[in-house]
Amino acid sequence: MTVPRVTNKKTVGLFILTVVLLASGITYLVTRPAPTDKVPTSPPVVHRIEETKYGDLISREKNAAVAATRRAQVQYDASVKRRIALHASETASTADQAANRAAEFKTLTKTIYYLAKDQVTGGKEADRHLQEHIGPIVEQGLQSLAKDVNADIASFDYEVRRITVQLATNIAAIGPGVQPAPPRVVTPAMIGPEFSAVVMGLGGKFTHLGVGVGLTVIPEAIPKTMVMKVSQMCAGIALRLFGKQVAKLASSAAIGTATGPFEIVVLIASIIWTGYDVFHARTEYRDEVRTVIKKQLDHADHQIASGAVNYFSGRTADFLALQTAITTKALDDIQKKAPK
C-alpha cells in the first residue's frame with residue numbers, strides 16, 4: 001500500500017496558517033475585557049458657552065437697555081413739549097382775562113387807593129389786592145401744567161428704573177459655563193426694592209439714583225412766584241399811569257379812613273376822579289398789563305419745560321452710567337466663576 005507524500009510547499013503553508021491562528025487567539029485572549037469590566041461610554045454632553053461669548057451676551061443685554069432708556073427720554077421729552085404747547089396756546093386768552101379783571105373800574109379804583117395808602121404806611125396792600133384778582137386766573141393753568149409735567153417726570157423715573165432692574169435680572173440669568181436660563185420678568189411691586197439692591201451692590205457710587213424723585217421736580221412755587229411778580233409789575237404800571245391821582249390821594253388826611261369797597265370808591269371820586277383821565281388811561285393800563293402777563297406766562301412755560309428737559313437729560317446720563325457699571329461688574333463676576 002502506498003502512503004501519500006506531503007510536499008515541502010504544503011508543509012510550509014500549513015505551518016504559516018497554524019502560526020497565524022495561534023497569534024489571533026492569543027491577541028483575543030489578551031485584549032478581551034474581563035467579565036466585571038464595563039464598556040466605556042462617552043460623558044454627557046454639556047452645552048458650554050465659550051468664554052469669549054460672555055461679553056457678547058452681556059453687551060447684547062446692555063445695548064437693549066441703553067436703547068430702551070433713550071427711547072424713554074425721547075418719549076417723555078415729547079410729552080412735556082406737547083403739554084407746554086397746549087398751555088402756550090391758552091396764555092393769550094389767560095392774559096386777556098387777567099388784564100380785563102385788573103382794569104375793571106372797581107379793581108382799578110381800589111388799586112389806586114392801596115397804592116396811595118402804601119406810600120403813607122409803607123405796606124404792600126396794592127400787591128396783595130392785585131394777587132387776589134389776577135392770581136386765580138393765571139395760577140390755575142400753571143399749577144395744572146406743573147402737576148402734569150411732574151407726573152411725566154415720575155413716570156420717566158419709574159421706567160428707567162424698571163429697564164435697569166430688568167437688565168440686571170437678565171444678566172444674572174447668564175451663568176458661567178451653561179446656556180443662560182430664561183430671565184424672569186420683574187413685577188412692578190418689586191422695582192423699588194430690587195433697584196435699591198442693585199445700587200447697593202455697586203458700593204454706593206449710585207446711591208443718589210436710589211432716592212425717589214417724588215412729584216416735585218418742577219417746584220410748585222413757580223405759579224405763585226410768577227403771580228407775585230406779575231402783581232408787582234402791574235402795580236408799577238398803575239403807579240406810573242395814575243401817579244398824579246395816587247399822589248393827591250396820598251396827601252389827603254382822609255387816607256386810610258375808608259374801610260369798605262364803597263367807601264374807597266367814594267373817597268377816590270371825591271378827591272381825584274376826573275373821569276376822562278382815568279377812563280382813557282384804563283385802556284393803556286389794560287394793554288400794558290396784558291403784555292406783562294403774557295410775557296410772564298411764556299417765561300414760566302419756558303422755565304418748566306427747561307427744568308423737565310434738563311432733568312431727563314441728566315437722569316438719562318446717570319442711568320446709562322449705572323447700566324455700564326452693572327454690566328462691567330457682571331462680566332467680571334462671571335469670568336471669576338467660569339472654569340479655567
Using the rule that two of Ile, Leu, Val, Met, Phe, Trp, Tyr join whenever any of their side-chain heavy atoms come within less than 4.5 Å, decide whether [X] and [Y] are in one cluster.
X: Ile134; Y: Leu239; result: yes
X: Val66; Y: Phe195; result: no
X: Ile163; Y: Leu322; result: no
X: Leu202; Y: Val186; result: yes
X: Ile222; Y: Val309; result: no

Could you pull out the closest heavy-atom pair between [X] and [Y], with the gap in Å?
X: Thr327; Y: Thr324; value: OG1-O, 2.8 Å
X: Leu241; Y: Ala281; value: CD1-O, 4.2 Å
X: Ala308; Y: Val149; value: CB-CG1, 3.7 Å
X: Gln73; Y: Ser313; value: NE2-CA, 3.6 Å
X: Ala98; Y: Val138; value: CB-CG1, 3.8 Å
X: Ser231; Y: Gln131; value: OG-CG, 3.0 Å

Please answer whether the main-chain N or O of [Y] pairs with a side-chain N or O of [X] as donor and acceptor at a distance below 3.5 Å.
X: Thr91; Y: Ala88; value: yes
X: Gln119; Y: Ala247; value: no
X: Thr291; Y: Asp287; value: yes
X: Ser144; Y: Gln140; value: no
X: Ser93; Y: Glu90; value: no
X: Arg286; Y: Ala99; value: no
X: His129; Y: Thr107; value: yes
X: Asp152; Y: Tyr76; value: no

Is it the case that over 12 heavy atoms from other parts of the model lie below 6.0 angstrom from the [atom1] atom of [X]?
X: Met200; atom1: CE; result: no
X: Lys224; atom1: NZ; result: no
X: Glu104; atom1: CD; result: yes
X: Arg240; atom1: CZ; result: yes

Do Arg101 and Gln97 come within less than 4.5 Å of each other through their side chains, counting heavy atoms only?
no
Student check: side-chain heavy atoms of Phe312 and Val80 closer than 4.5 Å:
yes
What's the verdict on side chain to side chain contact (heavy atoms under 4.5 Å, CB included) for Tyr114 and Arg128, showing C-alpha distance, side-chain angles and the deciding distance?
CA-CA 9 Å; Tyr114 287 127; Arg128 287 193 292 269; over 6 Å; no
Distance check, rounded to the nearest 0.5 Å: [X] atom [atom1] versus [Y] atom [atom2]?
X: Leu57; Y: Leu331; atom1: CG; atom2: CG; value: 10.0 Å
X: Leu297; Y: Lys295; atom1: CG; atom2: NZ; value: 13.0 Å
X: Ile293; Y: Met226; atom1: CD1; atom2: CE; value: 8.0 Å
X: Gln323; Y: Glu61; atom1: CD; atom2: CD; value: 11.5 Å
X: Ile191; Y: Glu159; atom1: CD1; atom2: CD; value: 9.0 Å
X: Glu288; Y: Met233; atom1: CD; atom2: CE; value: 10.5 Å

Please report the C-alpha distance between His87 and Thr94 in whole Å, then the side-chain angles of each, then the deciding distance to 0.1 Å, and finally whether the side chain to side chain contact (heavy atoms under 4.5 Å, CB included) criterion is met.
CA-CA 10 Å; His87 183 259; Thr94 300; 5.8 Å; no
When Leu167 is tested against each of Ile171, Thr169, Val165, Asn170 for side chain to side chain contact (heavy atoms under 4.5 Å, CB included), which residue passes?
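Among Ile171, Thr169, Val165, Asn170, the one meeting side chain to side chain contact (heavy atoms under 4.5 Å, CB included) with Leu167 is Ile171.
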The residue among Leu130, Asp127, Thr111 that forms side chain to side chain contact (heavy atoms under 4.5 Å, CB included) with Cys234 is Leu130
Does this structure show an ion pair linking Asp56 with Arg60, if we count only N-O contacts that are shorter than 4.0 Å?
no
Apply the test salt bridge (charged side-chain N to carboxylate O under 4.0 Å, His left out) to residues Lys124 and Asp118: give CA-CA distance (whole Å), side-chain angles for both, the deciding distance (0.1 Å), then the verdict.
CA-CA 6 Å; Lys124 296 290 183 181; Asp118 289 343; over 6 Å; no
What verdict does the salt bridge (charged side-chain N to carboxylate O under 4.0 Å, His left out) test give for Arg161 and Asp157, after you've listed the backbone C-alpha separation in whole Å, the side-chain angles of each residue and the deciding distance to 0.1 Å?
CA-CA 6 Å; Arg161 286 171 183 242; Asp157 195 70; 2.8 Å; yes
What do the steps show when you test Val160 against Thr316 for side chain to side chain contact (heavy atoms under 4.5 Å, CB included), and what is the final call?
CA-CA 8 Å; Val160 290; Thr316 296; 5.6 Å; no
Would you check, one step at a time, whether the test side chain to side chain contact (heavy atoms under 4.5 Å, CB included) holds for Asp301 with Leu142?
CA-CA 8 Å; Asp301 282 353; Leu142 275 179; 4.0 Å; yes
